[in-house]
Amino acid sequence: MGIFGAVTDLAPDPELLPTADEATTLWSFLDYYRSILIRKAEGITEAQARITLGPSDLTLIGLVRHMAEVERVWFRRRFMDIECESLYRTDASVKEDPDVEFHASEADTVDEALRDLREEIDFATASTAGVPMDTLTKAEQVSKRIPDWRPTLRWIVVHMIEEYARHCGHADLLRQAADGATGD
């Protein structure tokens with residue numbers, strides 16, 4: 001059970017909050033997209049979780065693992081400045097495959113990936129509850145491109161909405177190919 005109550009429930013539709021304040025609007029869109037991705041990966045077999053389309057190597061299990069890693073990086077490492085290991089990456093694995101979290105092994109399961117994603121969402125939710133959107137990340141970003149770059153919580157939430165929205169589109173196609181399921 002995560003932030004969505006029964007896991008298969010969608011988070012409330014952000015369209016139902018057309019006059020909400022900025023923080024409520026942003027968090028509602030992020031929660032909505034989080035719940036969509038989880039729903040797309042629930043109730044499928046391990047074989048269905050590994051279906052690819054066309055020349056792309058994207059899979060549902062890979063998308064879930066990727067978003068678990070993205071949640072971890074932005075909320076644990078960058079926003080809270082907590083040193084923690086990657087969920088799926090090691091120095092050796094990244095040298096061999098820079099997108100290792102997208103490429104699950106046969107031993108990896110969709111249930112494990114969903115558990116990881118839910119844990120990272122729960123951490124993000126707890127660590128940002130009531131925090132103003134203008135709050136800067138605690139970690140100082142080491143950036144070769146933009147020295148001293150430290151985004152606000154607002155920037156992170158908007159980035160996460162963009163990241164989820166893009167990958168929910170991918171998940172729509174993969175889930176429909178897996179079992180014909182469509183819709184949110």
Side-chain angles (χ1 to χ4, degrees), residues 2-5 7 9-42 56 58-84 86-89 98-102 113-114 116-175 183-184:
I3 63 170
F4 310 114
V7 176
D9 290 344
L10 274 174
D13 188 336
E15 289 185 15
L16 300 175
L17 304 169
T19 60
D21 62 74
E22 177 192 33
T24 301
T25 300
L26 292 175
W27 285 115
S28 69
F29 270 95
L30 181 54
D31 288 344
Y32 184 69
Y33 282 119
R34 284 168 165 167
S35 68
I36 289 172
L37 184 64
I38 288 170
R39 285 171 52 105
K40 293 296 177 181
E42 287 179 324
S56 173
L58 285 178
T59 62
L60 280 169
I61 190 173
L63 290 172
V64 172
R65 286 164 45 104
H66 172 67
M67 290 311 301
E69 194 70 59
V70 169
E71 291 269 359
R72 187 175 190 87
V73 166
W74 280 108
F75 292 104
R76 282 187 200 267
R77 289 189 187 153
R78 293 187 178 161
F79 189 71
M80 296 302 295
D81 197 18
I82 296 171
E83 285 296 321
C84 58
S86 168
L87 291 168
Y88 311 109
R89 297 168 163 255
D99 296 320
V100 68
E101 72 268 16
F102 281 109
L114 284 166
D116 290 344
L117 179 57
R118 287 184 189 107
E119 286 176 5
E120 294 307 318
I121 290 170
D122 288 346
F123 176 85
T125 301
S127 65
T128 59
V131 176
M133 284 290 174
D134 290 334
T135 304
L136 293 172
T137 59
K138 291 181 181 178
E140 295 202 20
Q141 177 67 22
V142 177
S143 173
K144 294 176 185 162
R145 210 169 52 111
I146 308 170
D148 302 320
W149 186 74
R150 287 179 63 201
T152 61
L153 178 58
R154 174 187 299 102
W155 190 96
I156 293 169
V157 172
V158 170
H159 173 69
M160 294 298 292
I161 293 167
E162 172 268 327
E163 186 90 12
Y164 270 100
R166 176 174 8 128
H167 291 313
C168 283
H170 299 139
D172 283 340
L173 296 171
L174 290 165
R175 181 61 187 253
D184 296 339

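- At least one side-chain heavy atom of I38 sits under 4.5 Å from a side-chain heavy atom of R118.
- A donor-acceptor pair under 3.5 Å is formed between the side chain of R175 and the backbone N or O of E42.
- Looking at every heavy atom in both residues, L153 comes nearest to P132 through CD2-O, 3.9 Å.
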Practice item. Take E119 and E71, measure what side-chain contact (heavy atoms from CB on, under 4.5 Å) needs, and give me the verdict at the end. Key: CA-CA 10 Å; E119 286 176 5; E71 291 269 359; over 6 Å; no

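- In this structure, E163 and W74 have side chains that are not in contact, with every pair of non-hydrogen atoms separated by 4.5 Å or more.
- Using a cutoff of 4.0 Å between basic side-chain nitrogens and carboxylate oxygens, D184 and R39 are not scored as salt-bridged.
- Of the inter-residue distances, the one linking K40 atom NZ with L173 atom CG reads 9.0 Å to the nearest 0.5 angstrom.
- Taking every heavy atom of both residues into account, L136 and F79 meet most closely at O-CE1, 4.0 Å.
- Separation of atoms CE (M80) and NZ (K138) is listed at 3.5 Å; rounding is to 0.5 Å.
- Pairing each heavy atom of A171 with each of L37, the nearest pair is CB-CD1, 3.8 Å.
- Of all heavy-atom pairs spanning T25 and S28, the tightest one is O-OG, 2.8 Å.
- At least one side-chain heavy atom of R34 sits under 4.5 Å from a side-chain heavy atom of T125.
- Listed here is the closest heavy atom pair of S35 and Y32: OG-O, 2.8 Å.
- Under a 4.0 Å N-O distance rule, the pair E69/R65 does not qualify as a salt bridge.
- With values rounded to the nearest 0.5 angstrom, D31 atom CG is found 11.5 Å from I36 atom CD1.
- Within the 4.5 Å cutoff, no side-chain heavy atoms of Y164 are placed close to those of V70.
- Atoms CG and OG, on L174 and S56 in that order, are 7.0 Å from each other to the nearest 0.5 Å.
- Counting only heavy atoms from C-beta outward, the side chains of M133 and V157 approach each other to under 4.5 Å.
- Listed here is the closest heavy atom pair of G183 and D172: O-OD1, 4.4 Å.
- Note that the CD1 atom of I121 and the CG atom of L114 stand 9.5 Å from one another [nearest 0.5 Å].
- A donor-acceptor pair is defined here as one N or O able to donate and one able to accept, closer than 3.5 Å; such a pair exists between the side chain of R89 and the backbone of P98.
- With contacts defined as side-chain heavy-atom distances shorter than 4.5 Å, the pair P14/L17 does not qualify.
- Once rounded to the nearest 0.5 Å, the distance linking SG of C168 with CD1 of I161 reads 11.5 Å.
- A salt bridge links E120 to R72: one of the charged nitrogens lies within less than 4.0 Å of a carboxylate oxygen.
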Practice item. Under the side-chain hydrogen bond (donor to acceptor under 3.5 Å, both in side chains) rule, what do Y33 and E162 come out as? Steps first, then yes or no, please. Key: CA-CA 9 Å; Y33 282 119; E162 172 268 327; over 6 Å; no

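- Considering only heavy atoms from C-beta on, I61 stays 4.5 Å or farther from F102 through its side chain.
- T128 places no side-chain N or O within 3.5 Å of a backbone atom of V131 that could act as its donor or acceptor partner.
- The main-chain N or O of T137 is found under 3.5 Å from a side-chain atom of R150 such that the two form a donor-acceptor pair.
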